[in-house]
Amino acid sequence: MPELPDVEIFRRYLDATSLHQSIERVRAEVDVLKDISVRRFEKTLKGKSFEGTRRHGKYAFVSLGEAPWLLLHFGMTGFLKYYKNNEKAPSHVRVLFTFQNGYHLAYSCQRKLGRVKLVDDPARFVRSQGLGPDALDPDLGADAFKQAIKGFGGSVKSALMNQQLIAGIGNIYSDEILYQAGIFPKQPVAQMDEKILDRLYEAVKEVLMTAIDVQADPEQLPDTYIIPWRHGEGRCPRDGSPIERLKVSGRSSYYCPQCQSSGRQN
DNA sequence: ACATTGACCTGAGAGC
DNA sequence: TGCTCTCAGGTCAATG
């Protein structure tokens with residue numbers, strides 16, 4: 001789940017459920033905490049309240065009204081859930097906040113690849129990680145986008161997934177973006193002309209915004225999207241040809257060999 | 001120097 | 001049923 005659209009939905013979910021309530025209790029597992037002990041983490045957050053959220057790429061930042069900020073990263077399997085009764089609790093809860101009203105906000109992460117930590121300042125964290133501009137940053141226009149990925153020596157799919165160039169796009173949505181733009185995943189960035197790069201830029205914005213509009217729920221994506229068909233006997237929603245799979249920088253990439261001809265050699 | 005690989009975790013599903 | 005193997009939307013350190 002947790003690429004830019006998913007994290008944006010988590011962020012809004014936290015805003016809608018968990019702001020301005022005193023945190024009465026904090027429970028955390030050591031596995032997902034980064035650079036801080038369980039004891040110090042719990043002590044820092046107890047008695048505080050969440051006052052607002054921000055997002056950059058796949059990272060969510062939660063304001064406590066003053067430094068530090070709570071940083072949430074969801075790995076491959078993380079999500080948030082707000083609930084009152086324990087039978088509603090998800091499995092694999094790694095961090096649990098309990099508010100004064102008796103409700104809980106759980107950070108669940110089955111595979112423990114997510115990270116939770118405290119940071120002094122979101123902007124500084126983004127800089128220290130070397131993250132590129134957020135893919136949906138309004139300031140990221142076509143020219144800035146092309147500037148960001150120009151000079152990358154690998155394939156267009158690796159470029160899209162490289163958080164140092166543009167932040168927020170992962171394996172799933174890069175496939176969708178390339179499908180919508182009609183580009184072969186392995187096409188080298190160096191071989192892409194202005195026209196194709198413009199098409200790619202439009203697809204980035206279009207796909208990510210569309211996903212957010214439907215709460216990042218794959219079932220609700222437009223019929224013309226390939227994401228719902230990436231497993232099993234998937235067929236291209238445009239022309240019905242079988243969807244193929246290949247490895248690009250170690251990740252499975254699903255694509256339509258007919259529709260995504262730009263940059264495909266043979 | 002830069003792009004790609006393997007390791008890190010756990011669980012689900014396929015095949016035997 | 002139970003075992004083994006592969007795969008899964010994340011990053012980061014090691015490698016060519």
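Values below: every heavy atom of this structure, side chains too, minus hydrogens, waters and symmetry copies.
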Using whole Å, what does the distance between atom P of nucleotide B:dC8 and atom NZ of A:Lys34 come to?
15 Å
Where the side chain of A:Tyr59 is defined as all heavy atoms beyond and including C-beta, which of C:dA8, C:dC12, C:dG9 is the nearest nucleotide?
C:dC12
For A:Glu194, is there an ion pair with A:Lys146 - N to carboxylate O distance below 4.0 angstrom?
yes
Atom pair distance, as rounded to whole Å: CD in A:Gln164 and P in C:dG10
14 Å
Can you tell me the distance, in whole Å, between the CG atom of A:Asn162 and the C1' atom of B:dT4?
11 Å
Quick note, A:Phe152 side chain, CB onward, closest among B:dG11, B:dT4, C:dA8 is B:dT4
Between C:dT11 and B:dA1, how far is it from one P atom to the other, in whole Å?
24 Å
Between A:Glu176 and A:Gln180, a side-chain donor and acceptor under 3.5 Å
yes
I want to know whether A:Tyr13 and A:Tyr82 have ring centres closer than 6.0 Å.
no
Would you say a side-chain N or O of A:Tyr254 is under 4.0 Å from OP1 or OP2 of C:dA8?
yes
Roughly how many Å is it from CG in A:Leu160 to P in C:dT11, rounded to a whole number?
13 Å
Rounded to whole Å, please give me the gap between CD in A:Glu3 and P in C:dA8.
13 Å
Identify whether any heavy atom of A:Phe74 sits under 4.0 Å from a base atom; if not, whether one sits that close to sugar-phosphate; answer base, sugar-phosphate or nothing.
nothing
Rounded P spacing from C:dA14 to B:dC9 in Å
15 Å
Please determine whether side chain to side chain donor-acceptor pair (under 3.5 Å) holds for the pair A:Lys157 and A:Asn171, giving the CA-CA distance in whole Å, both sets of side-chain angles, and the decisive distance to 0.1 Å.
CA-CA 8 Å; A:Lys157 167 133 169 159; A:Asn171 197 35; 2.5 Å; yes
Quick one: is A:Ser158 getting a side-chain N or O under 4.0 Å of the B:dT4 phosphate, OP1 or OP2?
yes
Which comes earlier along DNA chain C counting from the 5' end, the contact point of A:Ala216 or that of A:Gln129, where each point is its nearest nucleotide?
A:Ala216
Which stems does DNA chain C form, counting runs of 3 or more consecutive Watson-Crick or G-U wobble pairs with both distances under 3.5 Å?
B:2-8 with C:10-16, B:10-16 with C:2-8
Nearest-neighbour nucleotide for the A:Ile172 side chain, B:dG11, C:dG9, C:dA8 considered:
C:dG9
Donor-acceptor pairs under 3.5 Å, side chain of residues 204-211 of chain A to any protein atom, not counting sequence neighbours: which ones?
unit_1	atom_1	unit_2	atom_2	d
A:Lys205	NZ	A:Ala135	O	3.2
A:Lys205	NZ	A:Asp137	O	3.1
A:Lys205	NZ	A:Leu140	O	3.1
A:Glu206	OE2	A:Thr210	OG1	3.3
A:Thr210	OG1	A:Glu206	O	2.7
A:Thr210	OG1	A:Tyr225	OH	3.4

If you measure from the Lys or Arg side-chain nitrogens to the Asp or Glu carboxylate oxygens, is any gap between A:Asp31 and A:Arg94 under 4.0 Å?
no
To the nearest 0.5 Å, atom CZ of A:Phe50 lies from atom CD of A:Gln21 at 9.5 Å
Could you tell me if the ring centre of A:Phe97 sits under 6.0 Å from that of A:Tyr107?
no
Between residues 111-121 of chain A and DNA chain B, which residues have a heavy-atom gap below 4.0 Å?
A:Arg111, A:Lys112, A:Leu113
Is any NZ, NE, NH1 or NH2 atom of the basic residue among A:Arg199 and A:Glu202 found under 4.0 Å from an Asp or Glu carboxylate oxygen of the other?
no
Check each of A:His104, A:Glu24, A:Arg25 against A:Thr98 using the side-chain hydrogen bond (donor to acceptor under 3.5 Å, both in side chains) test, and report the only one that passes.
A:His104
What integer distance in Å separates A:Met161:CE from C:dT11:P?
9 Å
Once you apply a heavy-atom cut-off of 4.0 Å, does A:Arg230 come out as touching a base, just sugar-phosphate, or nothing?
sugar-phosphate
Value in whole Å for how far the C1' atom of C:dC12 lies from NE2 of A:His73:
11 Å
Does the side chain of A:Ser155 get closer than 4.0 angstrom to OP1 or OP2 of B:dA3 through an N or O atom?
no
In whole angstroms, the gap separating C1' of C:dT6 from CZ of A:Arg251 amounts to 15 Å
